[in-house]
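Let me begin by presenting the structure, written as structure tokens, before commenting on it.
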Amino acid sequence: MEKQNKSTRVKNFCARCCTRAFNDHVYLLNEDAIRMKQMDTDCVEPAPYFELCDQQGRFYVSGYALKAKEDGSCIFLNEEKRCKIYSQRPTICSLYPYMLHREPDENGNVDWRQISGLNQHGCYHTEISDEEASEIADQIKSYETSYLLQLTEFFKKAEEHFSKNKLKHVQGVYDREMRKFNKGGEIAVFVYYNGEFVEHKFKGQE
């Protein structure tokens, strides 16, 4: 194993977090999406779990996700299970799997715990230092703040777009089009990107 700079974090190169078996998609903040598209214009796709669908059957989603290969692994994962863009990887990738949760350990002592640490996928009760806990908390707070701001901006833009074009979200149409998509059909998806909606034709997989 190889220790990182000044913390207890380690790399084990298992690359499980870079597959849909462990994470079904890598959501991109807008600044991440811009950076990814500069490296490869074909590396992103509309993020799943579209937020809205108008009465004409067009979906709207708050951002992009990284594409995956046919085997479910990240498009930037090479044959040696190494990230080809490690120094430029998306924000969520640089945070994973370090999430914090306040809970008791096996002896009932309540403290900050690291959830699903490297080599411990899904395991709890892994102690971390106060210094690292503070560092991780700051990073997570920054990410979550950026995500919520992006989501807020998306809904504001969607409200303007729907009002201007006399559109409305229709759950029944959403469900119908999703059934078509899940059977391999093609749908139209408007992705919120850089303050605007970008239209994509997106085909599902049976």
Distance (rounded to the nearest 0.5 Å) between Phe190 CZ and Cys53 SG
11.0 Å

Give a yes or no on whether the backbone of Ala33 and the side-chain of Arg35 come within a donor-acceptor separation of less than 3.5 Å.
no

Salt bridge or not for Lys180 and Glu177, using N-O below 4.0 Å?
yes

May I ask whether Leu151 and Ile34 are part of the same hydrophobic cluster, defined by side-chain heavy atoms of I, L, V, M, F, W, Y residues being less than 4.5 angstrom apart, directly or through others?
yes

Shortest non-hydrogen separation from Ser146 to Leu29 and the atoms involved
CB-CD1, 3.8 Å

Could you check whether Phe59 and Phe202 have their ring centres less than 6.0 Å apart?
no

Any chance you could measure Lys69, atom NZ, to Cys18, atom SG, to the nearest 0.5 Å?
10.0 Å

Do Tyr27 and His25 make a side-chain contact, defined as non-hydrogen atoms from C-beta onward lying under 4.5 Å apart?
yes

With a 4.0 Å cut-off on N to O distance, would you call Asp54 and Arg58 a salt bridge?
yes

Hey, does Ile92 have a side-chain heavy atom less than 4.5 Å from the side chain of Tyr143?
yes

Going from SG on Cys43 to NZ on Lys84, what distance comes out if it is rounded to the nearest 0.5 angstrom?
10.5 Å

According to the interplanar angle, ranging from 0 to 90°, do the rings of Phe154 and Phe197 count as parallel (below 30°), tilted (30 to 60°) or perpendicular (above 60°)?
perpendicular

Donor-acceptor contact below 3.5 Å, side chain Glu186 vs main chain Lys203
no

Nearest heavy-atom neighbours spanning Ala158 and Leu52
CB-CD1, 3.6 Å

Any Lys/Arg nitrogen of Asp138 or Lys141 sitting under 4.0 Å from an Asp/Glu carboxylate oxygen of the other?
no

What distance do Glu135 atom CD and Ile140 atom CD1 have between them, rounded to the nearest 0.5 Å?
10.5 Å

Step-by-step side chain to side chain contact (heavy atoms under 4.5 Å, CB included) determination, Cys93 to Val26:
CA-CA 8 Å; Cys93 298; Val26 175; 3.9 Å; yes

Compare every heavy atom of Ala65 with every heavy atom of Leu28, then report the nearest pair and how far apart it is.
CD1-C, 4.0 Å

Do Tyr174 and Glu51 meet the criterion of a side-chain donor-acceptor pair at a distance under 3.5 Å?
no

Regarding His200 and Tyr64, is there a side-chain donor-to-acceptor distance under 3.5 Å anywhere?
yes

Over all heavy atoms of both residues, which pair between Leu77 and Ser73 is shortest? Give the atoms and the distance, please.
CD2-CB, 4.0 Å

Could you walk me through whether Val189 and Ile187 pass the side chain to side chain contact (heavy atoms under 4.5 Å, CB included) check?
CA-CA 6 Å; Val189 183; Ile187 58 175; 3.7 Å; yes

Working to the nearest 0.5 Å, report the span between NZ of Lys168 and OG of Ser163.
14.0 Å

Donor-acceptor pair, Gln150 side chain versus Asn30 backbone, under 3.5 Å?
yes

With respect to Tyr60, which candidate in Phe50, Phe162, Tyr193 satisfies the ring-ring contact (aromatic ring centres under 6.0 Å, His included) definition?
Phe162

Could you tell me whether the side chain of Ser142 and the main chain of Gln139 form a donor-acceptor pair under 3.5 Å?
no

Under 3.5 Å side-chain donor-acceptor pair for Gln171 and His169:
yes

Would you say Glu159 has more than 12 foreign heavy atoms packed within less than 6.0 Å of its CD?
no

Identified side chain to side chain contact (heavy atoms under 4.5 Å, CB included) counterpart of Leu66 within the set Met36, Arg89, Glu45
Met36

Can you tell if the side chain of Lys67 reaches within under 4.5 Å of the side chain of Val44, non-hydrogen atoms only?
no

Any donor and acceptor pair, going by atom type alone, linking the side chain of Asp24 with main-chain N or O of Arg20 inside 3.5 Å?
no

Quick one: do Val198 and Tyr192 end up in the same hydrophobic cluster if we chain Ile, Leu, Val, Met, Phe, Trp and Tyr together by side-chain heavy atoms under 4.5 Å apart?
yes

If the threshold is 4.0 Å, N to carboxylate O, is there a salt bridge linking Lys201 and Glu199?
yes

Between Ile85 and Met39, is any pair of side-chain heavy atoms under 4.5 Å apart?
yes

